[in-house]
2 protein chains.
Amino acid sequence: MNKRLRPPDKGGGAKRRGISAVQPIRWRGDRLELLDQRLLPDKKIYVSCRTAEQVAKAIRDMVVRGAPAIGCAAAFGVVLGKGSPKAYEALRQSRPTAVNLFWALDRMKRAKDLEAEAKAIYEEDLAANRAIGELGAPLIAERARVMTHCNAGALATAGYGTALGVVRSSKGKKISVIACETRPYLQGARLTAWECLQEGIPCTLITDSMAGHLMSKGEVDVVVVGADRIAANGDVANKIGTYALAVLAKRHGVPFYVAAPLSTFDPKISDGSHIPIEERPADEVTGYRKMRWAPKGVQVRNPAFDVTPAELITGIICEKGVVLAPNRERLARLF
Amino acid sequence: MNKRLRPPDKGGGAKRRGISAVQPIRWRGDRLELLDQRLLPDKKIYVSCRTAEQVAKAIRDMVVRGAPAIGCAAAFGVVLGKGSPKAYEALRQSRPTAVNLFWALDRMKRAKDLEAEAKAIYEEDLAANRAIGELGAPLIAERARVMTHCNAGALATAGYGTALGVVRSSKGKKISVIACETRPYLQGARLTAWECLQEGIPCTLITDSMAGHLMSKGEVDVVVVGADRIAANGDVANKIGTYALAVLAKRHGVPFYVAAPLSTFDPKISDGSHIPIEERPADEVTGYRKMRWAPKGVQVRNPAFDVTPAELITGIICEKGVVLAPNRERLARLF
């Protein structure tokens, strides 16, 4: 099922449209190739999925992760499953928090041409990321030190990225990135650091626990993160640890931005308290991969996301614009 | 230089004085045996030091860590070095932040009988921990869920512990501990979880990034941490990540206590901004032990401590009592 990495499509469409060479999702007509993000940055291997169930498993096992990327993968999963109820059900059960998954499945259900719709979802996500980058870039000052959490980059989307899309679009300003490692799954250390290095953007890695210290020393100019689901009132579910960053940023007067496409908004959910928060397996916390460092017998909590209340968010950057001081009224105008 | 663990001294002095069976430091007259905390909880091996330089290296390499334990070890290091200027210098250079090291060296310099003084420092630390436990216990409610960071337990002291001393003394109240894993060195996951399990205290392990989420869900009743240096105004240097916990605790109205003996107070330092913060090697952040997960070429910051301002601290628990709302005036009365 695995195959070695082929050289990314270069010089052609990807480059012309200004997207990065990092391609987490490749549609091949009869199969979906997903860059196995569990193995990055050590190995670049694509997992090939030929059924909806294989795509659902790849989402559940975090071969592909990041809210917009999960939505795109699920759409192609429906194509592979020929739109059967079983396909929808398997995909719907894969992960609970990122709303892009359910948004994509709902959109596929209404479509006549499944493959055309999945491709549209993918292309629209790319375009949304580009727009987010362009709209967000003016918020980033020359030589800004941009802190981010988890990975909201090309790997988390169809390509280009949301939070890292803003970073990419600001590259000419000699900015640098501070990547929080993002325990337990280390998406910051493994994916964000790797994406930045691929792009030639200076990147400093820290543990999640160091963010407050750096802010207190005046070493962080702005925080930009992605999102997994945005409630109608502007509360944002994102990778666990985001909330602490927002609280610290508020204390230190550091602007805190969320970058996400409209597919991440869930206007049906009134506020963040209703967003389902996935609890993941204990072994992600007691160690990493095959290494275990915690003693046997210890109990574990492993919520994969937390909720940042709208009051802590300076602005939400989406493809339609920047919503400053987000609240119910301002977000309603987007739809 | 290493030797297998011998069964701890049981039933004798240790048990009568109510200290835990965890013995990080054993003085053998001609050598100092240090439980190698880098290998816990997998292996329990004592490193035997016969010179001051070996003790200094053991402190630098974190065979022994925790502010009071470092102070005790350094005192015995002076005995092994026969009080030579070279011995003092090696020990003084071992680690910069925990003031107990310098406090112990200064005390040894004034002593006539080096061995008697080192033993006194050790015994007084044990007694201080017991007092801290007894004075702190009334602050812990029945069935309290006590969050702690890093390891301020028996392993970090002569025995019994400061923050975990308060926990040990509250054991009858059916409390439970929430241990933050404490990246990068994982003292919470490896040491605090292990100490709790040894004592039969229920312990839940989380990543540092989860603390805010649990507080927002009302799942944390009190935070108790140790300290590496307390400035005259009550600012506290402690393991990196402590500051974020204090900020989050303040937001959620969760009491935040610091437990530390008087040897951790540094009245000569006016406020926390003057406390030297150790930066440790990059490879602690880019991976763990021999495993590396961050891409090559990434820059790293690795401050080992941060400063929590006094205004965020509900109280400091020392062997002379609990100083609520600590400030310059209230702390001055301790001396």
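Every chain is numbered from 1, with letters handed out A, B, ... down the list of sequences. All values reported here derive from a predicted model rather than from experimental measurement.
Looking at every heavy atom in both residues, B/Val258 comes nearest to B/Gly226 through CG1-O, 3.7 Å. Nearest heavy-atom pair across A/Ala189 and B/Pro295 is O-CD, 3.1 Å. Annotation for A/Val225 and A/Asn238: closest pair CB-ND2, 3.8 Å, computed over non-hydrogen atoms. The two residues A/Gly153 and A/Leu164 make their nearest non-hydrogen contact at CA-CB, 3.5 Å.
Judged purely by atom type and a 3.5 angstrom limit, A/Thr192 uses its side chain to pair as donor or acceptor with the backbone of A/Cys150. For the pair B/Asp271 (side chain) and B/Ser273 (backbone), a donor-acceptor distance under 3.5 Å is present. Distance alone, capped at 3.5 Å, is enough to place a donor-acceptor pair between the A/Arg229 side chain and the A/Thr97 backbone.
Note: A/Leu186 leads A/Leu186, A/Leu248, A/Leu191 in heavy-atom pairs under 4.5 Å with chain B. Residue with the most contacts toward chain B among A/Ala244, A/Ser216, A/Cys203: A/Cys203 (heavy-atom pairs, distance under 4.5 Å). In terms of heavy-atom pairs under 4.5 Å with chain A, the best-connected choice from B/Met215, B/Arg251, B/Arg190, B/Glu284 is B/Arg251. Here B/Ile240 is the residue among B/Ile240, B/Leu245, B/Thr242 with the most heavy-atom pairs under 4.5 Å with chain A.
Shown are B/Gln187, B/Gln37, B/Arg65; of these, the side chain to side chain donor-acceptor pair (under 3.5 Å) with B/Asn151 is made only by B/Arg65.
The interface of residues 300-314 of chain B with chain A, defined by heavy-atom distances below 4.5 Å, comprises B/Val300, B/Arg301, B/Asn302, B/Pro303, B/Phe305, B/Asp306, B/Pro309, B/Glu311, B/Leu312. Within residues 204-211 of chain A, the residues having any heavy atom closer than 4.5 Å to a heavy atom of chain B are A/Thr204, A/Leu205, A/Ile206, A/Thr207, A/Asp208, A/Ser209, A/Met210, listed by residue number.
B/Thr182 OG1 to A/Arg183 CZ: the interatomic distance, rounded to the nearest 0.5 Å, is 11.0 Å. Summarising the geometry, atom CE belonging to B/Met62 is positioned 5.0 Å from atom OH belonging to B/Tyr185; distances are rounded to the nearest 0.5 Å.
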Using the salt bridge (charged side-chain N to carboxylate O under 4.0 Å, His left out) rule, take A/Arg95 and A/Asp228 through it: C-alpha gap first, then chi angles, then the decisive distance, then the call.
CA-CA 11 Å; A/Arg95 290 193 74 188; A/Asp228 287 83; over 6 Å; no

Residue pair B/Glu219, B/Arg145: steps toward the salt bridge (charged side-chain N to carboxylate O under 4.0 Å, His left out) verdict
CA-CA 7 Å; B/Glu219 296 183 29; B/Arg145 295 156 297 180; 5.8 Å; no

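Heavy atoms of A/Lys239 lying under 4.5 Å from chain B are absent altogether.
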